[in-house]
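Here the structure comes first, spelled out in C-alpha coordinates, and everything after it is commentary.
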There are 2 protein chains.
Amino acid sequence: MQVDSETAGKMTENTAVRRQPTQARARARVEKILTAATELIERTGSDQLRMSEIAARAGVPIGSLYQYFPDKASIVRTLAERIMLRVREGLRESLADVESVEDALGRLDNLLEGYYAMFLMEPVTRDIWSGTQSDKDIQDMDIEDSRENARIVAGALKPFVPKKEHARLDTVCFLLMQLTGAAVRLAIAVDRKEGDRLVAEYGRMLRLEYEAFLPDGI
Amino acid sequence: MQVDSETAGKMTENTAVRRQPTQARARARVEKILTAATELIERTGSDQLRMSEIAARAGVPIGSLYQYFPDKASIVRTLAERIMLRVREGLRESLADVESVEDALGRLDNLLEGYYAMFLMEPVTRDIWSGTQSDKDIQDMDIEDSRENARIVAGALKPFVPKKEHARLDTVCFLLMQLTGAAVRLAIAVDRKEGDRLVAEYGRMLRLEYEAFLPDGI
DNA sequence: TTACAAATGTGAGGGATATTCATATTCGAA
DNA sequence: TTCGAATATGAATATCCCTCACATTTGTAA
(Lines give C-alpha, C1' and ligand atoms only; values in the text may rest on other atoms or scores of the structure.)
Protein backbone atom coordinates (compact mmCIF):
# COMPACT_ATOMS: atom_id res chain seq x y z
CA MET A 1 0.00 0.00 0.00
CA GLN A 2 1.25 3.41 -0.86
CA VAL A 3 0.07 6.97 -0.65
CA ASP A 4 -1.21 8.28 -3.92
CA SER A 5 1.51 10.73 -4.79
CA GLU A 6 -0.90 12.95 -6.69
CA THR A 7 -3.02 13.42 -3.62
CA ALA A 8 -0.07 13.81 -1.30
CA GLY A 9 1.39 16.47 -3.54
CA LYS A 10 -1.74 18.54 -3.64
CA MET A 11 -2.19 18.61 0.10
CA THR A 12 -1.43 22.05 1.36
CA GLU A 13 2.10 21.52 2.52
CA ASN A 14 2.54 24.28 5.00
CA THR A 15 5.81 23.14 6.41
CA ALA A 16 8.55 24.93 4.55
CA VAL A 17 10.96 22.12 5.34
CA ARG A 18 10.56 18.82 3.62
CA ARG A 19 12.87 16.76 5.77
CA GLN A 20 13.90 17.80 9.23
CA PRO A 21 17.69 17.86 9.25
CA THR A 22 18.72 15.93 12.34
CA GLN A 23 22.39 15.53 11.69
CA ALA A 24 24.74 18.43 12.16
CA ARG A 25 26.04 18.41 8.60
CA ALA A 26 22.47 18.54 7.36
CA ARG A 27 21.64 21.52 9.51
CA ALA A 28 24.80 23.22 8.32
CA ARG A 29 23.72 22.58 4.76
CA VAL A 30 20.35 24.15 5.28
CA GLU A 31 22.10 27.23 6.58
CA LYS A 32 24.52 27.28 3.66
CA ILE A 33 21.58 27.10 1.29
CA LEU A 34 19.77 29.92 3.01
CA THR A 35 22.90 32.04 3.11
CA ALA A 36 23.54 31.48 -0.56
CA ALA A 37 19.96 32.39 -1.38
CA THR A 38 20.24 35.55 0.68
CA GLU A 39 23.43 36.59 -1.07
CA LEU A 40 21.96 35.93 -4.48
CA ILE A 41 18.87 37.93 -3.67
CA GLU A 42 21.13 40.72 -2.53
CA ARG A 43 22.93 40.67 -5.88
CA THR A 44 20.09 40.22 -8.29
CA GLY A 45 16.76 40.31 -6.52
CA SER A 46 14.48 37.45 -5.72
CA ASP A 47 13.00 37.50 -9.22
CA GLN A 48 16.29 36.28 -10.59
CA LEU A 49 16.80 33.63 -7.97
CA ARG A 50 17.72 30.30 -9.62
CA MET A 51 17.88 26.96 -7.92
CA SER A 52 21.00 26.10 -9.89
CA GLU A 53 22.76 29.24 -8.67
CA ILE A 54 21.77 28.69 -5.09
CA ALA A 55 23.21 25.20 -5.32
CA ALA A 56 26.42 26.39 -6.96
CA ARG A 57 26.99 29.16 -4.45
CA ALA A 58 26.19 26.96 -1.50
CA GLY A 59 28.51 24.33 -2.88
CA VAL A 60 25.89 21.64 -2.83
CA PRO A 61 24.25 19.72 -5.67
CA ILE A 62 20.80 20.67 -6.83
CA GLY A 63 19.33 17.59 -5.29
CA SER A 64 20.30 18.77 -1.83
CA LEU A 65 18.05 21.79 -2.12
CA TYR A 66 15.14 19.45 -2.52
CA GLN A 67 16.29 17.38 0.38
CA TYR A 68 15.21 20.15 2.70
CA PHE A 69 12.92 22.41 0.73
CA PRO A 70 9.99 21.14 -1.28
CA ASP A 71 10.35 23.91 -3.82
CA LYS A 72 11.97 27.23 -4.56
CA ALA A 73 9.20 29.27 -2.99
CA SER A 74 9.73 27.55 0.31
CA ILE A 75 13.30 28.79 0.47
CA VAL A 76 12.17 32.37 0.11
CA ARG A 77 9.34 31.64 2.51
CA THR A 78 11.82 30.50 5.12
CA LEU A 79 13.78 33.71 4.75
CA ALA A 80 10.59 35.72 5.01
CA GLU A 81 9.64 33.81 8.12
CA ARG A 82 12.94 34.72 9.72
CA ILE A 83 12.35 38.36 8.99
CA MET A 84 8.93 38.13 10.56
CA LEU A 85 10.37 36.50 13.64
CA ARG A 86 13.05 39.13 13.92
CA VAL A 87 10.47 41.88 13.71
CA ARG A 88 8.28 40.15 16.23
CA GLU A 89 11.14 39.81 18.70
CA GLY A 90 11.83 43.51 18.31
CA LEU A 91 8.19 44.20 18.98
CA ARG A 92 8.22 42.06 22.11
CA GLU A 93 11.35 43.65 23.48
CA SER A 94 10.24 47.15 22.70
CA LEU A 95 6.90 46.70 24.36
CA ALA A 96 8.09 44.92 27.46
CA ASP A 97 7.42 46.57 30.82
CA VAL A 98 5.47 49.48 29.53
CA GLU A 99 5.03 51.94 32.36
CA SER A 100 2.49 54.44 31.18
CA VAL A 101 0.30 55.39 28.30
CA GLU A 102 2.76 57.98 27.06
CA ASP A 103 5.48 55.41 27.36
CA ALA A 104 3.54 52.92 25.26
CA LEU A 105 2.67 55.41 22.55
CA GLY A 106 6.23 56.64 22.36
CA ARG A 107 7.51 53.12 21.93
CA LEU A 108 5.00 52.44 19.20
CA ASP A 109 6.19 55.55 17.37
CA ASN A 110 9.75 54.32 17.59
CA LEU A 111 8.74 50.93 16.32
CA LEU A 112 7.28 52.37 13.16
CA GLU A 113 10.42 54.39 12.54
CA GLY A 114 12.58 51.36 13.19
CA TYR A 115 10.53 49.22 10.88
CA TYR A 116 10.82 51.77 8.11
CA ALA A 117 14.54 52.20 8.72
CA MET A 118 15.10 48.47 8.62
CA PHE A 119 13.65 48.19 5.15
CA LEU A 120 15.50 51.26 3.96
CA MET A 121 18.83 49.95 5.14
CA GLU A 122 18.52 46.28 4.31
CA PRO A 123 18.06 45.68 0.61
CA VAL A 124 17.69 41.93 1.01
CA THR A 125 15.05 42.28 3.62
CA ARG A 126 13.29 44.79 1.47
CA ASP A 127 13.43 42.61 -1.58
CA ILE A 128 12.14 39.52 0.15
CA TRP A 129 9.51 41.53 1.87
CA SER A 130 8.21 43.15 -1.28
CA GLY A 131 8.33 39.88 -3.16
CA THR A 132 6.48 38.53 -0.18
CA GLN A 133 3.17 39.56 -1.59
CA SER A 134 3.63 37.43 -4.66
CA ASP A 135 3.33 34.10 -2.95
CA LYS A 136 -0.07 32.97 -1.75
CA ASP A 137 1.46 31.00 1.08
CA ILE A 138 3.52 33.94 2.26
CA GLN A 139 0.45 36.11 2.20
CA ASP A 140 -1.19 33.70 4.58
CA MET A 141 1.93 33.67 6.74
CA ASP A 142 1.86 37.43 6.73
CA ILE A 143 -1.71 37.48 7.97
CA GLU A 144 -0.91 35.05 10.76
CA ASP A 145 2.12 37.14 11.57
CA SER A 146 -0.08 40.19 11.88
CA ARG A 147 -2.33 38.33 14.27
CA GLU A 148 0.63 37.50 16.46
CA ASN A 149 1.96 41.02 16.39
CA ALA A 150 -1.47 42.39 17.08
CA ARG A 151 -1.64 40.27 20.22
CA ILE A 152 1.59 41.80 21.44
CA VAL A 153 0.57 45.37 20.74
CA ALA A 154 -2.92 44.93 22.07
CA GLY A 155 -1.49 43.24 25.12
CA ALA A 156 0.74 46.22 25.81
CA LEU A 157 -2.17 48.63 25.58
CA LYS A 158 -4.84 46.66 27.40
CA PRO A 159 -3.80 47.78 30.88
CA PHE A 160 -4.80 51.29 29.88
CA VAL A 161 -7.95 50.44 27.99
CA PRO A 162 -11.39 49.78 29.46
CA LYS A 163 -12.12 46.07 29.49
CA LYS A 164 -15.20 46.26 27.35
CA GLU A 165 -13.09 47.74 24.56
CA HIS A 166 -10.60 44.91 24.55
CA ALA A 167 -12.24 42.90 21.81
CA ARG A 168 -12.36 45.87 19.49
CA LEU A 169 -8.77 46.71 20.36
CA ASP A 170 -7.78 43.26 19.12
CA THR A 171 -9.51 43.80 15.82
CA VAL A 172 -8.07 47.25 15.35
CA CYS A 173 -4.54 46.18 16.20
CA PHE A 174 -4.77 43.35 13.70
CA LEU A 175 -5.96 45.74 11.05
CA LEU A 176 -3.26 48.24 11.94
CA MET A 177 -0.52 45.63 11.65
CA GLN A 178 -1.54 45.02 8.06
CA LEU A 179 -1.95 48.68 7.31
CA THR A 180 1.49 49.33 8.73
CA GLY A 181 2.94 46.78 6.37
CA ALA A 182 1.17 48.44 3.47
CA ALA A 183 2.27 51.92 4.50
CA VAL A 184 5.90 50.93 4.84
CA ARG A 185 5.87 49.00 1.58
CA LEU A 186 4.50 52.07 -0.11
CA ALA A 187 7.06 54.31 1.54
CA ILE A 188 9.99 52.21 0.36
CA ALA A 189 8.55 51.99 -3.15
CA VAL A 190 8.54 55.75 -3.71
CA ASP A 191 11.47 58.10 -3.41
CA ARG A 192 13.00 58.76 -0.06
CA LYS A 193 11.57 62.21 0.48
CA GLU A 194 8.00 61.21 -0.26
CA GLY A 195 8.48 58.02 1.70
CA ASP A 196 9.46 59.98 4.77
CA ARG A 197 6.37 62.15 4.45
CA LEU A 198 4.13 59.14 4.07
CA VAL A 199 5.56 57.40 7.10
CA ALA A 200 5.19 60.56 9.13
CA GLU A 201 1.54 60.90 8.15
CA TYR A 202 0.91 57.27 8.82
CA GLY A 203 2.57 57.54 12.22
CA ARG A 204 0.23 60.33 13.10
CA MET A 205 -2.81 58.30 12.06
CA LEU A 206 -1.57 55.37 14.05
CA ARG A 207 -1.17 57.40 17.19
CA LEU A 208 -4.64 58.85 16.82
CA GLU A 209 -6.10 55.40 16.50
CA TYR A 210 -4.39 54.15 19.60
CA GLU A 211 -5.29 57.25 21.57
CA ALA A 212 -8.94 56.77 20.67
CA PHE A 213 -8.95 53.72 22.92
CA LEU A 214 -7.62 55.49 25.94
CA PRO A 215 -9.83 57.02 28.62
CA ASP A 216 -10.59 60.66 27.90
CA GLY A 217 -8.09 62.48 30.10
CA ILE A 218 -5.32 60.26 28.73
CA MET B 1 18.46 49.59 -41.23
CA GLN B 2 16.71 47.86 -38.45
CA VAL B 3 16.23 48.28 -34.77
CA ASP B 4 18.44 46.03 -32.72
CA SER B 5 15.87 43.65 -31.38
CA GLU B 6 17.90 42.94 -28.26
CA THR B 7 17.88 46.58 -27.32
CA ALA B 8 14.27 47.09 -28.25
CA GLY B 9 13.29 44.10 -26.17
CA LYS B 10 15.10 45.27 -23.06
CA MET B 11 13.62 48.73 -23.11
CA THR B 12 11.06 49.02 -20.40
CA GLU B 13 8.03 48.33 -22.47
CA ASN B 14 5.25 49.86 -20.50
CA THR B 15 2.61 49.49 -23.14
CA ALA B 16 0.80 46.27 -22.49
CA VAL B 17 -0.04 45.89 -26.15
CA ARG B 18 2.71 44.97 -28.55
CA ARG B 19 0.95 45.70 -31.80
CA GLN B 20 -2.01 47.99 -32.01
CA PRO B 21 -4.77 45.98 -33.62
CA THR B 22 -6.21 48.20 -36.31
CA GLN B 23 -8.36 45.73 -38.15
CA ALA B 24 -11.65 44.64 -36.68
CA ARG B 25 -10.77 40.96 -36.62
CA ALA B 26 -7.60 41.78 -34.71
CA ARG B 27 -9.48 43.78 -32.12
CA ALA B 28 -11.96 40.96 -31.78
CA ARG B 29 -9.08 38.59 -31.20
CA VAL B 30 -7.63 40.68 -28.46
CA GLU B 31 -11.00 40.59 -26.74
CA LYS B 32 -11.30 36.85 -27.20
CA ILE B 33 -7.90 36.42 -25.64
CA LEU B 34 -8.75 38.58 -22.68
CA THR B 35 -12.07 36.85 -22.21
CA ALA B 36 -10.42 33.45 -22.28
CA ALA B 37 -7.84 34.59 -19.77
CA THR B 38 -10.57 35.90 -17.50
CA GLU B 39 -12.47 32.64 -17.65
CA LEU B 40 -9.38 30.60 -16.93
CA ILE B 41 -8.49 32.75 -13.99
CA GLU B 42 -12.00 32.28 -12.73
CA ARG B 43 -11.59 28.51 -12.93
CA THR B 44 -8.10 28.02 -11.64
CA GLY B 45 -6.64 31.28 -10.42
CA SER B 46 -4.03 33.40 -12.11
CA ASP B 47 -1.22 31.23 -10.76
CA GLN B 48 -2.32 28.43 -12.99
CA LEU B 49 -2.79 30.58 -16.04
CA ARG B 50 -1.09 28.99 -19.05
CA MET B 51 -0.51 30.63 -22.38
CA SER B 52 -1.37 27.37 -24.13
CA GLU B 53 -4.72 27.20 -22.36
CA ILE B 54 -5.56 30.80 -23.09
CA ALA B 55 -4.87 30.12 -26.74
CA ALA B 56 -6.91 26.93 -26.79
CA ARG B 57 -9.89 28.50 -25.07
CA ALA B 58 -9.78 31.62 -27.21
CA GLY B 59 -9.54 29.41 -30.28
CA VAL B 60 -6.39 31.08 -31.52
CA PRO B 61 -2.86 29.75 -31.93
CA ILE B 62 -0.22 30.54 -29.35
CA GLY B 63 1.51 32.88 -31.73
CA SER B 64 -1.49 35.16 -31.79
CA LEU B 65 -1.16 35.86 -28.09
CA TYR B 66 2.27 37.26 -28.79
CA GLN B 67 0.98 39.25 -31.67
CA TYR B 68 -0.72 41.57 -29.21
CA PHE B 69 0.86 40.93 -25.85
CA PRO B 70 4.61 40.90 -25.31
CA ASP B 71 4.35 38.33 -22.55
CA LYS B 72 2.00 36.56 -20.21
CA ALA B 73 2.23 39.17 -17.48
CA SER B 74 0.99 41.83 -19.84
CA ILE B 75 -2.27 39.96 -20.34
CA VAL B 76 -2.94 39.94 -16.63
CA ARG B 77 -1.75 43.52 -16.47
CA THR B 78 -4.29 44.52 -19.06
CA LEU B 79 -7.06 42.91 -17.04
CA ALA B 80 -5.83 44.61 -13.89
CA GLU B 81 -5.74 47.92 -15.71
CA ARG B 82 -9.36 47.51 -16.71
CA ILE B 83 -10.33 46.87 -13.13
CA MET B 84 -8.47 49.98 -12.04
CA LEU B 85 -10.20 52.04 -14.70
CA ARG B 86 -13.57 50.68 -13.70
CA VAL B 87 -12.95 51.56 -10.08
CA ARG B 88 -11.70 54.98 -11.01
CA GLU B 89 -14.79 55.69 -13.09
CA GLY B 90 -16.95 54.70 -10.14
CA LEU B 91 -14.96 57.05 -7.97
CA ARG B 92 -15.40 59.92 -10.42
CA GLU B 93 -19.12 59.38 -10.76
CA SER B 94 -19.66 58.96 -7.06
CA LEU B 95 -17.80 62.12 -6.19
CA ALA B 96 -19.25 64.36 -8.87
CA ASP B 97 -21.18 67.43 -7.75
CA VAL B 98 -20.59 67.05 -4.07
CA GLU B 99 -22.84 69.49 -2.28
CA SER B 100 -21.66 69.53 1.29
CA VAL B 101 -19.17 68.01 3.66
CA GLU B 102 -21.67 65.48 4.98
CA ASP B 103 -22.52 64.63 1.41
CA ALA B 104 -18.87 64.01 0.57
CA LEU B 105 -18.20 61.88 3.64
CA GLY B 106 -21.31 59.84 3.05
CA ARG B 107 -20.29 59.13 -0.50
CA LEU B 108 -16.83 58.08 0.59
CA ASP B 109 -18.38 55.63 3.05
CA ASN B 110 -20.47 54.15 0.27
CA LEU B 111 -17.43 53.86 -1.94
CA LEU B 112 -15.58 51.75 0.57
CA GLU B 113 -18.57 49.46 0.95
CA GLY B 114 -18.93 49.22 -2.80
CA TYR B 115 -15.28 48.44 -3.25
CA TYR B 116 -15.45 45.69 -0.68
CA ALA B 117 -18.65 44.31 -2.19
CA MET B 118 -17.12 44.28 -5.64
CA PHE B 119 -14.27 42.06 -4.55
CA LEU B 120 -16.57 39.82 -2.56
CA MET B 121 -18.88 39.27 -5.49
CA GLU B 122 -16.40 39.02 -8.32
CA PRO B 123 -13.99 36.15 -7.88
CA VAL B 124 -12.05 36.98 -11.01
CA THR B 125 -11.57 40.54 -10.00
CA ARG B 126 -10.52 39.41 -6.58
CA ASP B 127 -8.01 36.93 -7.95
CA ILE B 128 -6.45 39.32 -10.38
CA TRP B 129 -6.35 41.97 -7.73
CA SER B 130 -4.66 39.78 -5.19
CA GLY B 131 -2.27 38.37 -7.75
CA THR B 132 -1.73 41.98 -8.64
CA GLN B 133 0.89 42.32 -5.98
CA SER B 134 3.07 39.67 -7.56
CA ASP B 135 4.11 41.63 -10.57
CA LYS B 136 6.53 44.49 -10.14
CA ASP B 137 4.99 46.34 -13.06
CA ILE B 138 1.51 45.98 -11.68
CA GLN B 139 2.69 47.25 -8.33
CA ASP B 140 3.90 50.36 -10.06
CA MET B 141 0.61 50.64 -11.91
CA ASP B 142 -1.17 50.30 -8.63
CA ILE B 143 0.79 53.15 -7.10
CA GLU B 144 0.10 55.37 -10.08
CA ASP B 145 -3.52 54.37 -9.85
CA SER B 146 -3.59 55.44 -6.24
CA ARG B 147 -2.16 58.78 -7.20
CA GLU B 148 -4.94 59.28 -9.73
CA ASN B 149 -7.62 58.23 -7.30
CA ALA B 150 -6.12 60.42 -4.63
CA ARG B 151 -6.45 63.38 -6.96
CA ILE B 152 -10.12 62.68 -7.38
CA VAL B 153 -10.83 62.27 -3.69
CA ALA B 154 -8.70 65.22 -2.66
CA GLY B 155 -10.36 67.28 -5.36
CA ALA B 156 -13.78 66.48 -3.96
CA LEU B 157 -12.75 67.52 -0.47
CA LYS B 158 -10.70 70.61 -1.24
CA PRO B 159 -13.67 73.01 -1.40
CA PHE B 160 -14.20 72.32 2.28
CA VAL B 161 -10.58 72.33 3.36
CA PRO B 162 -8.45 75.40 4.13
CA LYS B 163 -6.10 76.09 1.28
CA LYS B 164 -2.94 75.79 3.30
CA GLU B 165 -3.88 72.20 4.10
CA HIS B 166 -4.28 71.18 0.48
CA ALA B 167 -0.78 69.81 0.04
CA ARG B 168 -1.09 67.59 3.09
CA LEU B 169 -4.52 66.51 1.95
CA ASP B 170 -2.95 65.25 -1.26
CA THR B 171 -0.39 63.22 0.62
CA VAL B 172 -2.93 61.78 3.01
CA CYS B 173 -5.36 60.86 0.26
CA PHE B 174 -2.61 59.07 -1.61
CA LEU B 175 -1.68 57.15 1.49
CA LEU B 176 -5.30 56.34 2.20
CA MET B 177 -5.86 54.98 -1.28
CA GLN B 178 -3.11 52.44 -0.68
CA LEU B 179 -4.28 51.66 2.81
CA THR B 180 -7.78 51.11 1.50
CA GLY B 181 -6.44 48.57 -0.96
CA ALA B 182 -4.61 46.81 1.85
CA ALA B 183 -7.62 46.84 4.14
CA VAL B 184 -9.92 45.41 1.50
CA ARG B 185 -7.40 42.80 0.45
CA LEU B 186 -7.15 41.74 4.06
CA ALA B 187 -10.91 41.68 4.46
CA ILE B 188 -11.43 39.40 1.51
CA ALA B 189 -8.63 37.11 2.63
CA VAL B 190 -10.22 36.28 5.98
CA ASP B 191 -13.66 34.86 6.56
CA ARG B 192 -16.68 36.92 5.78
CA LYS B 193 -17.62 37.80 9.34
CA GLU B 194 -14.18 39.02 10.31
CA GLY B 195 -13.86 40.78 6.97
CA ASP B 196 -17.01 42.75 7.64
CA ARG B 197 -15.71 43.82 11.02
CA LEU B 198 -12.38 44.88 9.57
CA VAL B 199 -13.98 46.93 6.84
CA ALA B 200 -16.25 48.59 9.36
CA GLU B 201 -13.31 49.54 11.55
CA TYR B 202 -11.36 50.76 8.60
CA GLY B 203 -14.30 52.84 7.43
CA ARG B 204 -14.42 54.50 10.78
CA MET B 205 -10.70 55.31 10.65
CA LEU B 206 -11.07 56.67 7.18
CA ARG B 207 -13.88 58.99 8.16
CA LEU B 208 -11.91 60.29 11.13
CA GLU B 209 -8.96 61.04 8.90
CA TYR B 210 -11.05 62.96 6.43
CA GLU B 211 -12.86 64.83 9.18
CA ALA B 212 -9.56 65.93 10.65
CA PHE B 213 -9.11 68.15 7.62
CA LEU B 214 -12.39 69.95 7.98
CA PRO B 215 -12.82 73.24 9.81
CA ASP B 216 -13.78 72.70 13.42
CA GLY B 217 -17.53 73.25 13.34
CA ILE B 218 -17.81 70.79 10.43
C1' DT C 1 -10.70 43.42 -61.26
C1' DT C 2 -5.97 42.80 -60.30
C1' DA C 3 -1.81 43.26 -57.95
C1' DC C 4 0.85 44.13 -54.21
C1' DA C 5 2.36 45.59 -49.66
C1' DA C 6 1.14 45.61 -45.07
C1' DA C 7 -1.12 43.36 -41.52
C1' DT C 8 -2.25 39.35 -39.42
C1' DG C 9 -2.21 34.28 -38.58
C1' DT C 10 0.27 29.77 -37.42
C1' DG C 11 2.32 26.17 -34.50
C1' DA C 12 6.46 23.31 -34.25
C1' DG C 13 10.51 23.90 -31.82
C1' DG C 14 14.20 26.32 -28.99
C1' DG C 15 15.57 27.41 -24.55
C1' DA C 16 15.44 28.19 -19.73
C1' DT C 17 14.30 26.25 -15.26
C1' DA C 18 12.24 23.65 -11.63
C1' DT C 19 11.98 19.20 -9.94
C1' DT C 20 12.52 14.04 -9.72
C1' DC C 21 14.61 9.71 -8.85
C1' DA C 22 17.64 5.87 -9.04
C1' DT C 23 21.84 5.14 -7.15
C1' DA C 24 25.93 6.13 -4.19
C1' DT C 25 27.75 7.55 0.08
C1' DT C 26 27.92 8.61 4.97
C1' DC C 27 26.30 8.35 9.65
C1' DG C 28 25.21 6.47 14.17
C1' DA C 29 23.53 2.98 17.18
C1' DA C 30 24.08 -1.77 18.71
C1' DT D 1 32.49 -3.79 12.97
C1' DT D 2 27.93 -3.96 10.90
C1' DC D 3 23.70 -2.54 9.00
C1' DG D 4 19.67 0.17 8.32
C1' DA D 5 18.51 4.92 8.09
C1' DA D 6 19.78 9.34 6.67
C1' DT D 7 21.89 12.03 3.39
C1' DA D 8 24.16 13.15 -1.06
C1' DT D 9 24.33 13.39 -6.14
C1' DG D 10 23.41 15.12 -10.81
C1' DA D 11 21.79 13.35 -15.21
C1' DA D 12 17.39 13.10 -16.92
C1' DT D 13 12.60 14.58 -17.17
C1' DA D 14 8.84 17.81 -17.24
C1' DT D 15 6.86 22.13 -17.86
C1' DC D 16 6.13 26.19 -19.99
C1' DC D 17 7.19 30.66 -22.04
C1' DC D 18 8.23 32.63 -26.18
C1' DT D 19 10.32 32.96 -31.04
C1' DC D 20 10.42 32.79 -35.82
C1' DA D 21 10.16 31.51 -40.54
C1' DC D 22 6.60 31.04 -43.37
C1' DA D 23 1.39 31.22 -44.76
C1' DT D 24 -2.75 33.74 -45.31
C1' DT D 25 -5.82 37.70 -45.35
C1' DT D 26 -6.90 42.53 -45.85
C1' DG D 27 -6.93 47.14 -47.69
C1' DT D 28 -5.91 50.04 -51.45
C1' DA D 29 -4.31 51.99 -55.65
C1' DA D 30 -3.99 51.35 -60.46
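To find a chain, count down the sequence lines: A is the first, B the second, and so on, and within it residues start at 1. Since the structure is predicted, the reported quantities are computational estimates derived from the model, not experimental observations.
- Separating the CG atom of D71(A) from the P atom of dT20(C) is a distance of 8 Å, rounded to the nearest angstrom.
- Dashed line: the shortest gap from a side-chain N or O of R27(B) to OP1 or OP2 of dT8(C) is not under 4.0 Å.
- Contact annotation: R29(B) reaches the phosphate of dG9(C) (side-chain N/O to OP1 or OP2, under 4.0 Å).
- Contact annotation for L49(A): backbone-only contact, meaning every heavy-atom pair under 4.0 Å involves sugar-phosphate atoms and none involves a base.
- Ion pairing between D196(B) and R192(B) holds under the 4.0 Å rule for side-chain N and carboxylate O.
- For the pair K72(A) NZ and dT15(D) C1', the interatomic distance rounds to 14 Å; values are reported in whole Å.
- In this structure, of dT8(C), dC17(D), dA8(D), it is dT8(C) that holds the atom nearest to the side chain of Q67(B).
- Rounded to an integer number of Å, the gap from I62(A) CD1 to dA16(C) P is 15 Å.
- Using a cut-off of 4.0 Å between Lys/Arg side-chain N and Asp/Glu carboxylate O, E42(B) and R126(B) are scored as not salt-bridged.
- Phosphate contact (OP1/OP2 of dT20(C), side-chain N/O of Y66(A), threshold under 4.0 Å): absent.
- In this structure, NZ of K32(A) is placed 15 Å from P of dT7(D), rounded to the nearest angstrom.
- Once rounded to the nearest 0.5 Å, the distance linking CG of L40(A) with CZ of R43(A) reads 8.0 Å.
- Taking atom CE of M51(A) as the reference point, atom C1' of dT19(C) lies 8 Å away to the nearest angstrom.
- In this entry the distance linking CG of L40(A) with P of dA18(C) reads 12 Å, nearest Å.
- Ion pairing between E113(A) and R107(A) fails under the 4.0 Å rule for side-chain N and carboxylate O.
- With K72(B) contributing its side chain and L49(B) its backbone, the two residues share a donor-acceptor pair below 3.5 Å.
- Two residues, Q48(A) and G63(A), neighbour DNA chain C, and the one matched to the more 5' nucleotide by heavy-atom proximity is Q48(A).
- When rounded to the nearest whole Å, the span between CD1 of I33(A) and P of dA8(D) equals 8 Å.
- One atom, CG of L65(B), and another, C1' of dT19(D), lie 13 Å apart when rounded to the nearest Å.
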